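Notes follow the structure.
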Amino acid sequence: MSHRGGVFSDLLPGIRVGIDMDGVLADFNTGWMTRYNADFGSNLEASMVQQWDGLYALTHFGSMADFWSWAQGDGRSTFRDAPPLPGAIEAIKRIGAKHRVVIVSSKFDWAIPDSLAWLADHGVPAREVHFLWDKTLAGCDIYLDDAPHQLEELTAGLPEAVVCRMVHPWNDPIEGVIDVHSWEQFEGVVERVAAEREASRTND
């Protein structure tokens, strides 16, 4: 909502910026490993995660189903306690001052309350929050994600959108997807895309 001449408007002058949560805003691996180490006397570190959807292999659990059953917790899931990734909160606030921040995250039903609480705890200026398995439905101008399958689906389903990969060991480069290694780098991509969209509208 922007304030223009005393009138409030839901139409921010910028673009729609779709942001994933875990692995992008939140350091989910550090969060769950901190709890796991406390529960089971282990010494897991986030750098050990090298593949997508294989977290249970680092633990004593026999499957991802067992892992998620434990991660659900007893009244407080591991999603609530994940620390922010470096620079994420500061950057998202700067982006939110000029553009419409849209949280687009795939979550189990049981994880939604803690995920909403996490966004509130860290003051994320989201104008919209969507928990979707099909993230193309959010209709953003630019997306930032880390999940290999989501990056592929976004690129295929929204050819007009700019899709960015937050680079991690568990994802590989994808043709047509922009690699970003930091939130500072992503901010630069957002401003470039916003300028290009504005120039396109002006020329039309």
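Please read these numbers as outputs of a predicted model, since none were measured by experiment.
The pair E196-R192 counts as a salt bridge, with a side-chain nitrogen and a carboxylate oxygen less than 4.0 angstrom apart.
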Enumerate, atom names and distances included, each donor-acceptor pair closer than 3.5 Å involving a side-chain atom of residues 166-177, sequence neighbours excluded.
from : atom 1 : to   : atom 2 : distance (Å)
H168 : NE2    : G23  : O      : 2.7
W170 : NE1    : D146 : OD2    : 2.9
N171 : OD1    : R165 : NH1    : 2.6
N171 : OD1    : H168 : N      : 3.1
N171 : ND2    : D146 : O      : 2.9
N171 : ND2    : M166 : O      : 3.0

Using distance only, find each side-chain donor-acceptor pair of residues 147-164 under 3.5 Å and give its atom names and separation, not counting sequence neighbours.
from : atom 1 : to   : atom 2 : distance (Å)
Q150 : NE2    : S106 : OG     : 3.0
Q150 : NE2    : W133 : O      : 3.3
T155 : OG1    : L151 : O      : 2.8

Determine all donor-acceptor pairs shorter than 3.5 Å in which one atom belongs to a side chain in residues 44-55; sequence neighbours excluded.
from : atom 1 : to  : atom 2 : distance (Å)
Q50  : NE2    : S47 : O      : 2.8

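Atom CZ of R76 and atom OG1 of T78 lie 11.0 Å apart (nearest 0.5 Å). Taken from OG1 in T59 to CG in D66, the straight-line distance is 8.5 Å, to the nearest 0.5 Å. Atom CG of residue D20 and atom CG of residue D145 lie 4.0 Å apart, to the nearest 0.5 angstrom. Between the CG atom in L116 and the CG atom in D121 there is a gap of 10.5 Å [rounded to 0.5 Å].
Within the 4.5 Å cutoff, side-chain heavy atoms of I95 are placed close to those of E187. The closest side-chain heavy-atom distance from I92 to V17 is not below 4.5 Å.
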**Message:** For a ring pair (Phe, Tyr, Trp, His ring centres under 6.0 Å) check, start with the C-alpha distance between F67 and W32, then their side-chain angles and the critical distance, and finish with the verdict.
**Reply:** CA-CA 10 Å; F67 173 87; W32 76 259; 4.9 Å; yes
**Request:** For side chain to side chain contact (heavy atoms under 4.5 Å, CB included), just list the numbers for E128 and I103, CA-CA rounded to whole Å, side-chain angles, deciding distance to a tenth of an Å, and then say yes or no.
**Result:** CA-CA 6 Å; E128 300 174 36; I103 298 300; over 6 Å; no
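For the pair V104 and G18, the tightest heavy-atom approach, listed with the atom from each and the gap, is CG2-CA, 4.1 Å. M21 and S115 make their closest contact through CE-O, 3.7 Å (heavy atoms, listed as atom of the first residue, atom of the second, distance). Across all their heavy atoms, A138 and R16 have their closest contact at O-NH2, 2.8 Å. The nearest pair of heavy atoms linking W183 to A88 is NE1-CB, 3.4 Å. What you find for K93 and H122 is that their closest heavy atoms are CE-O, 3.8 Å. The two residues V102 and C140 come nearest to each other via the heavy atoms CB-SG, 3.8 Å.
Taking hydrophobic clusters as Ile, Leu, Val, Met, Phe, Trp and Tyr residues chained together by side-chain heavy-atom distances below 4.5 Å, F186 shares a cluster with V124. L85 and W118 are not part of a single hydrophobic cluster, where members link through side-chain heavy atoms under 4.5 Å apart. Hydrophobic clustering keeps W110 apart from I112 (ILVMFWY residues linked when any side-chain heavy atoms are closer than 4.5 Å, directly or through intermediates). F28 and M33 end up in the same hydrophobic cluster when Ile, Leu, Val, Met, Phe, Trp and Tyr side chains are linked at under 4.5 Å.
Ring centroids of W70 and Y56 are separated by 6.0 Å or more, keeping the two rings apart. Taking the six-membered ring for Trp, W68 and F108 have ring centres closer than 6.0 Å. Aromatic ring centres of H60 and Y36 lie closer together than 6.0 Å.
With sequence neighbours excluded, the residues that form a side-chain contact (heavy atoms from CB on, under 4.5 Å) with L137 are L132, D134. For Y143, there are no ring pair (Phe, Tyr, Trp, His ring centres under 6.0 Å) partners, not counting sequence neighbours.
Side chain of S69 to main chain of A65: no donor-acceptor pair is present (N/O by atom type, distance under 3.5 Å, no hydrogens or angles).
For residues 102-120, every residue pair satisfying the salt bridge (Lys or Arg N to Asp or Glu O under 4.0 Å) rule, not counting sequence neighbours, is listed here: D22-K107, R80-D114.
Shown are V180, L144, I142; of these, the side chain to side chain contact (heavy atoms under 4.5 Å, CB included) with V190 is made only by I142.
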